[in-house]
Every structure is written in C-alpha cells, then in structure tokens.
Amino acid sequence: TTHSECAADRVASDPVLRVRYPHLAAGVDEREARRAEFRARPNIAARLRNGTLRVEQVHIDTHSGRLVPRPTHAQAGH
C-alpha cells in the first residue's frame with residue numbers, strides 16, 4: 001500500500017531531503033523491484049498464473065479513508 005501524506009514519498013520527491021535521508025529515498029526507489037521479486041518467487045508466480053493468488057496495489061487516501069486500487073503488473077499479466 002501507499003498512502004496520502006506519506007513522509008517517505010515526500011523525502012523521495014525532494015532533492016534536498018533525498019540527500020539528508022538517502023536510505024529512505026532508496027527504499028522508495030526500490031519499491032517496484034521488491035514487488036517484482038515477490039511476484040517472481042516460484043510459489044507466488046505459480047499461484048498468480050493459476051489464479052489462486054491476486055496481488056493488488058492499493059493507495060489509502062488518509063483524508064477520506066478510501067482504498068483506491070492501482071493497476072499492477074500482476075493484474076496486467078506480466
């Protein structure tokens with residue numbers, strides 16, 4: 001999940017804060033790679049292929065409390 005007003009996203013999008021908090025910014029930069037690593041695990045990949053597992057990426061709007069699904073590579077068949 002991601003959420004509105006996320007401090008990590010704010011750090012990653014600000015060049016000055018990226019310098020001050022390089023490890024936090026790197027973690028944000030690596031999100032998709034970590035998701036891809038998870039989906040590539042043999043047992044996870046098999047379950048994604050046969051439809052017994054679905055991985056969703058959701059954004060939490062902290063103002064309204066709404067969950068907003070976001071398309072993922074897994075949903076697109078990648």
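FYI, side chains are in, hydrogens and waters are out, and symmetry mates aren't considered; it's all heavy atoms of this structure.
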Practice task
Verify the neighbour count for atom CZ of R31: are there more than 12 heavy atoms of other residues, nucleotides or ligands below 6.0 Å?
Solution key: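 Enclosed: over 12 neighbouring heavy atoms sit under 6.0 Å from CZ of R31.
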Exercise for the section: Before giving the answer on side chain to side chain contact (heavy atoms under 4.5 Å, CB included), spell out for D9 and H3 the whole-Å C-alpha distance, their side-chain angles and the decisive distance to 0.1 Å. Expected result: CA-CA 9 Å; D9 286 333; H3 64 278; over 6 Å; no
Handout entry: V55 reachable from V58 in the ILVMFWY side-chain graph, under 4.5 Å edges
Key = no
Handout entry: Path from V28 to V11 over hydrophobic side-chain contacts below 4.5 Å
Key = no
Handout entry: Side-chain touch I60/T2, heavy atoms, less than 4.5 angstrom
Key = no
Problem - Set of residues satisfying side chain to side chain donor-acceptor pair (under 3.5 Å) with respect to N43, sequence neighbours excluded - result: none
Handout entry: Residues in side chain to side chain contact (heavy atoms under 4.5 Å, CB included) contact with E30, at least two apart in sequence or another chain
Key =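 A26, R34.
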Problem - For S4, side chain to side chain contact (heavy atoms under 4.5 Å, CB included) partners two or more places apart - result: H59, D61, T62, H63
Problem - L48 side, atom CG; R54 side, atom CZ - distance, nearest 0.5 Å - result: 11.0 Å
Practice task
Sorted by first residue and then second, give each salt bridge (charged side-chain N to carboxylate O under 4.0 Å, His left out) pair with at least one member in residues 10-28; sequence neighbours left out.
Solution key: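 Every salt bridge (charged side-chain N to carboxylate O under 4.0 Å, His left out) pair that includes a residue of residues 10-28, provided the two are not neighbours, is R18-D29.
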Problem - Residue pairs passing the salt bridge (charged side-chain N to carboxylate O under 4.0 Å, His left out) test where at least one lies in residues 41-53, sequence neighbours excluded - result: none
Handout entry: Test salt bridge (Lys or Arg N to Asp or Glu O under 4.0 Å) applied to R35 - qualifying residues, sequence neighbours left out
Key = E32
